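Notes to accompany the following structure.
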Amino acid sequence: MNTGIPSAQDISARATAMLARFYGYRSFRPLQLEIITTAMQRRDSVVLMPTGGGKSICYQMPALLSDGVVIVVSPLIALMKDQVVALTSNGIPAAAVNSMQSDEENRDILEQLYSGRVRILYISPERLLMEIDRWSRDLNIALFAIDEAHCISEWGHDFRPGYTMLSRIKEIYPQVPIMALTATADRLTREDIAHQLRLNDPALFIGSFDRPNISLRVMTNPGRNRKVSYICSMIDRYRNDSGIVYCISRKAAEEMDKQLTGRGYRSAVYHAGLSAEERNRAQDRFINGEVQVVCATVAFGMGIDKSNIRWVVHNNMPRNIESYYQEIGRAGRDGAKAEAVMFYSYADIATLQSFVDESGQQALNAEKLTRMKDYAEASLCRRRILLSYFNETIDHDCGNCDVCLNPPERIDGTVLVLKALSAIVRINGGAGITMLIDILRGASRQELIQRGYDKIKTYGAGRDLSFAEWNAYISQMIQLGIIDIAYNEGNHLKVTPYGRRILDSRGPVTLALYTPMERRKSGRARKEAEEVPQLSPAEQLLENLKVVREKLARKEQVPPYIVFTDKALLEMVRTEPTDMEQFSKVEGVGERKTVKYWRPFVTAIRKFKGIAESLGTGMSQEETLLLLNAGYDIPEIAKAKNIKASTVYGHIADLINQDKLSDFSSVITREQYLTVMEAVKAHPEDYYSYLPEDFPQGLARVAIAISDFLLRKKGE
Ligand code: ADP
Ligand code: ZN
């Protein structure tokens, strides 16, 4: 029945099938299926997932699973274009309505929406509010998806007035579920989103912020020349891909661009000081792969859905971990290996400090800067530090950051941790880091004594360590999520639930032995210089496949990652498919793309493997089956395979005889079937001569195969 709410099992089975057919993916990522199910069961939701986490599929899928259309509200026109091309290339009819297109074009698209020829519509908030009143109530809408939903909240960091009017959606369509999606929202913003959109008891989904495929590295005080040569080596290493260099100022971005261009690299510059036109041009060139690198200030990147950004370099330390994480998150969105490198110099700190002093919320921003600096100077797994900043604790080191790969000496820190925790507990979390250290070291500061902190049991329990040592170890405890800083309570230190567990179980905790910065640097610098890039056979095949992709992309005038993402190419390298069927099973290859692209890629792989025999034009029944399933009709299949329609019918008859095809609706009409059956009944021997003259050659065989099939079914 259409009217009832589908069951979770039903949705799961169908969604998994659609995921394979249209996207070529085998399984859902965490939360995706739950989010889709929630929408299909017509409940509102708020979805918080990092960039690259896989939000798009969550709101696209309901269009494939229901008769209704999905309306996606997005503030970014560049992103719309990208998504529409990506969807269309997977065989999903999508379109965008926006101010960049003519009225006529927009009207045409809306018409297609009504007739069901467009299933997913991207629209800006302003435009939606212009249109929504005019829409017929008969328009069957499965879902409203609000992308970048934090823009609706003044609490968020990117408030857009156009978003506030979106509350009207619920007024007009109280029955249609809304899915609000964002990559950045704290609790306050999250609640505000739900409130502003008038969501009705929304389900909240918070995805993991872990992006394990991005390797993390910090280089301390590299100096200008080393910075430039390091960036050049990145460009060289990823010749067919692209990267971003984030700079602290417009001037710095321009300077870096000049350095790179001067060395013959294809670079562009992007910052808020350029005209909108110049910025769009830089962005387009980057998306199309015309330039290998963009030197940018923070203004760059919002809404860039380019999945083959392989590296991000921070030429200077960013001002807080939120921006840092969002910026590195632009790399490796396809899930394949990517690199994030940050240059950290003491000079940056001074500049950033001056930004803080000029900012509105000085205390808060100063704290955030400190946390950023702690990350830069960390001697613990950097990913643990990042994730604990977002209140996500992982209990193991990541193995994919410079600290993990080149670890400092470890010590059993249990006693230190217990001392610090018990001091915090004894003073009821009433002090910040300096006071805590003073207590531990038994300092006789006046304020300390006034508050009676010299009377607690842990007073002076850490006298054996210097202030700098305690400072470093407590920073590590914060980074590990054992202690938290309460920014809204004068930066006082608090014991986290994780810290409580340690207190209860008495550890154990491993810390990194404190060594002053200067001593640590030289060892690491030497290792870096020794790295020499070289191509393995797998890398060579990958390069070959990238060339194939590049050619196809140019022919179709789309960015290369629309043809296939790097991740899909890597899967091809791993599985080395040598025929169409194997190709269709590669993760990331859906039906539409199999049909379109298998030949050039399989040819390249066969060549690489030294398979001399060419693919030829020979066709198997499986190929016909796949094309049929992909929605190709008979003339299209014949044309794609360069064979006669009658041969295609022959294969279809064989497929039916083998029980491989049981949906005949696209092959033969009921009338055609009955025509053949009548002729066979009347003239079993030479029915052929009794068929109408224009009856398609070979179709009679199909009809007879169907008849046999139905008899078989009956007999079962
Ligand atoms: P977001 O919108 O959250 O930034 P996207 O929806 O663009 O992220 O997804 C990022 C990448 O991950 C895309 O290349 C997408 O095709 C891929 N992806 C999404 N879901 C899956 C999945 N279930 N399996 C494999 N890849 C996926
Ligand atoms: Zn690590």
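Bear in mind the structure is a predicted one, so any value in this text is a computation, not a measurement. Values below: all heavy atoms of this structure, side chains included; hydrogens, waters and symmetry mates excluded.
At a cut-off of 3.5 Å, with distance as the only test, no side-chain donor of E322 or Q326 sits close to an acceptor on the other residue. For the residue pair Y561 / R333, no side-chain donor-acceptor distance below 3.5 Å is found, with atom types taken as modelled. A side-chain N or O of S323 and one of N320 form a donor-acceptor pair less than 3.5 Å apart.
A salt bridge links E131 and R127; the closest N-O separation between the charged side-chain nitrogens and carboxylate oxygens is under 4.0 Å. A salt bridge links R554 with E550; the closest basic N to acidic carboxylate O contact falls under 4.0 Å. At a threshold of 4.0 Å, the pair D334-R310 counts as salt-bridged, since one of the basic side-chain nitrogens sits closer than that to a carboxylate oxygen. Remark: E278 does not engage R281 in a salt bridge, criterion side-chain N to carboxylate O under 4.0 Å. Between D566 and R549 there is a salt bridge, since a side-chain N of the basic residue sits under 4.0 Å from a carboxylate O of the acidic one. Ionic pairing of K55 and D147 is not present here: no N-O contact between side-chain nitrogen and carboxylate oxygen is shorter than 4.0 angstrom.
In this structure a side-chain-to-backbone donor-acceptor pair under 3.5 Å is missing from N98 to S124. A donor-acceptor pair under 3.5 Å links the side-chain atoms of S115 to the main chain of Q112, judged by distance alone.
Aromatic pair Y324/Y375: centroids less than 6.0 angstrom apart.
Two residues are said to be in side-chain contact when any heavy atoms from C-beta on lie closer than 4.5 Å; Y325 and I214 fail this criterion. Side-chain contact check for I146 versus I152: every heavy-atom pair is 4.5 Å or farther apart. Side-chain atoms of N315 and I248, non-hydrogen and from C-beta on, never get closer than 4.5 Å to each other. P177 is not listed as a side-chain neighbour of R43, based on a closest heavy-atom distance of 4.5 Å or more.
Heavy-atom contacts from other residues, nucleotides or ligands closer than 6.0 Å to NZ of K170 number more than 12.
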query: Step by step, would you call F28 with E34 a side-chain contact (heavy atoms from CB on, under 4.5 Å)?
result: CA-CA 10 Å; F28 283 104; E34 291 87 330; over 6 Å; no

- request: Step by step, work out the side-chain contact (heavy atoms from CB on, under 4.5 Å) result for I206 and R190.
  value: CA-CA 10 Å; I206 303 181; R190 232 148 56 206; 3.8 Å; yes

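Relative orientation of the Y122 and Y59 rings is perpendicular, given thresholds of 30° and 60° on the angle between their planes.
The heavy-atom pair separating D257 from S267 by the smallest distance is OD1-OG, 2.5 Å.
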